[in-house]
K.L.:
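Below you will find the structure I want to go over with you.
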Amino acid sequence: MFYNSLRPITYIFRECRFINRRTLIGMKFSSVAESERDYEAVGEKISSSDDMVVGHLSVGMGVWMIPVRDMKNPYEKEKIKCILCKYGIHVDYKNIRLLSQFVSPYTGRIYDKHITGLCDAQQKKVKQEILKAQNFGFMPTITKEVKFFKDPKLFDPFNPKRPHPH
Amino acid sequence: MPSYELAVILRKMSRPELVTTLKRTGQAIFEKGGIIRKIENLGTRELPYRMRVHNHSHTEGSYFLFKFDAPTNTLTNLHDSFLRDIDILRPSISKVEPVNFPEECTLEEELQPPAYRKSVEVLLKQDRKKIFKKGYKNLSNEYI
């Protein structure tokens, strides 16, 4: 145990943060800590060529000195999801109220994906289910039903999010 | 036997008449060797558009849902028998699909510029292959 070498703790810590996977492999490992994974678990020392202790590990002492390599990137942004995927809504031909939200009240046509903001698979599914509902006699073909006119709007058709796909 | 859904629209009738027609449709499924799992009443309401069936135009109908399992080769016969029934306006059989769809949302990938999309990458590779083949053929013709 090299307790005296713990003096420049901040410096060591700074060093540890910038250690790459490659440099770790290149270093001399003691006989006990052979693999990289054992590096954190077993209390051993690893010395660099400058004879300075880079990471001095023991169970009782500060494990916080060790860089955590398996940690996820904490600054990673959340994935963008469409409305149907986000809330896990199952699109069905019997649910006319949901389907009619994707139909224009002016023309009775289905809005395209650049307006609805759905992912490719869900847009295809919505299109299929609307056509199904119309053929099965659940939904009108030419217009949107008047009783659904005041439903909350999921998107603004006059300000599409993406450029026109065609 | 895969599971199917029969969404049926019946003409506007009195209650006992409705019961007899529903029994008839159910028995038709049983005769073909099917099993009924569930019957749902979706209510009577105005039709979304006027339907003209068996030389009568209808503006109102009562909606019912049969969830059933049946062998695949009997479906066309079943549908045919329903079409011949006078009380049924529109029988429609559809396959029951899995609820978890899709597994992952691909919206983020689609929003990226075309150079970063996987679908565009595939297209580019296809084109390159074609070009390579053409070039190879031309060369061989020239030099031999």
Side-chain angles (χ1 to χ4, degrees), chain A residues 76-97 99-100 103 108 112-148 154-155 160-163 165, chain B residues 4-12 38 40-53 57-67 79 82-83 88-114 117-120 122:
Chain A
E76 203 175 308
K77 284 179 186 175
E78 273 188 32
K79 263 196 169 186
I80 306 165
K81 282 183 176 180
C82 66
I83 319 160
L84 297 178
C85 289
K86 195 177 174 187
Y87 297 106
I89 297 163
H90 178 54
V91 184
D92 195 56
Y93 69 93
K94 284 160 283 175
N95 192 354
I96 319 157
R97 189 147 214 168
L99 291 176
S100 66
V103 172
D112 220 331
K113 66 177 174 181
H114 68 289
I115 293 169
T116 56
L118 296 177
C119 67
D120 242 339
Q122 289 285 16
Q123 178 69 21
K124 197 181 170 187
K125 177 95 176 165
V126 165
K127 209 171 180 179
Q128 277 178 1
E129 295 301 305
I130 287 174
L131 289 173
K132 220 181 194 183
Q134 286 172 348
N135 289 328
F136 288 8
F138 281 72
M139 227 173 128
T141 49
I142 300 167
T143 55
K144 186 174 170 174
E145 271 190 61
V146 179
K147 59 181 175 182
F148 299 142
L154 304 176
F155 45 81
K161 292 168 187 173
R162 284 185 263 177
Chain B
Y4 296 99
E5 269 183 357
L6 167 69
V8 107
I9 308 173
L10 307 179
R11 71 185 174 87
K12 206 188 174 188
K38 203 178 184 182
E40 272 184 79
N41 183 11
L42 304 179
T44 58
R45 62 184 185 92
E46 272 193 21
L47 296 173
Y49 45 86
R50 201 173 68 224
M51 289 180 192
R52 194 165 173 80
V53 190
S57 65
H58 301 270
T59 52
E60 271 186 301
S62 42
Y63 290 70
F64 286 94
L65 190 80
F66 285 76
K67 291 190 174 183
H79 194 253
F82 293 142
L83 284 174
I88 295 173
L89 301 185
R90 188 160 299 194
S92 32
I93 300 167
S94 62
K95 202 177 170 187
V96 177
E97 283 163 20
V99 178
N100 294 328
F101 174 92
E103 286 167 3
E104 272 189 32
C105 192
T106 56
L107 185 66
E108 185 156 341
E109 202 184 294
E110 289 163 29
L111 288 174
Q112 282 176 340
R117 276 181 236 154
K118 278 181 186 173
S119 57
V120 176
V122 173

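These numbers were taken from a predicted model, which means no experiment stands behind them. A, B, ... follow the sequence lines: proteins, then strands. Residue 1 opens every chain.
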K.L.:
I'd like to check B:Glu5 versus A:Phe136 (side-chain heavy atoms, cut-off strictly below 4.5 Å). Are they in contact?
P.N.:
no
K.L.:
What are the two closest heavy atoms between B:Cys105 and A:Cys82, and how far apart are they?
P.N.:
SG-N, 3.4 Å
K.L.:
Can you measure from CD (B:Glu104) to SG (A:Cys85) and round to the nearest 0.5 angstrom?
P.N.:
10.0 Å
K.L.:
If I take atom CG from residue B:Leu107 and atom CD from residue A:Gln123, how far apart are they, to the nearest 0.5 angstrom?
P.N.:
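Going from CG on B:Leu107 over to CD on A:Gln123, the span is 11.0 Å.
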K.L.:
Non-hydrogen atoms of chain A under 4.5 Å away: do they reach the side chain of B:Leu89, the backbone, both or neither?
P.N.:
neither
K.L.:
Any chance you could measure B:Glu110, atom CD, to A:Ile80, atom CD1, to the nearest 0.5 Å?
P.N.:
11.0 Å
K.L.:
Without swapping roles, check the side chain of B:Tyr49 against the backbone of A:Ile142 for a donor-acceptor pair under 3.5 Å.
P.N.:
no
K.L.:
Nearest 0.5 angstrom please: B:Arg45 CZ to A:Phe138 CZ, how far?
P.N.:
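So the CZ of B:Arg45 and the CZ of A:Phe138 are separated by 7.5 Å.
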K.L.:
If you count heavy-atom pairs under 4.5 Å between each of A:Lys86, A:Lys132, A:Lys94, A:Gln134 and chain B, which one has the most?
P.N.:
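Option with the top pair count is A:Lys94.
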K.L.:
Under a 4.5 Å cutoff for heavy-atom pairs, which residue among A:Leu84, A:Val91, A:Asn135, A:Thr143 has the most contacts with chain B?
P.N.:
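Maximum pair count with chain B is reached by A:Asn135.
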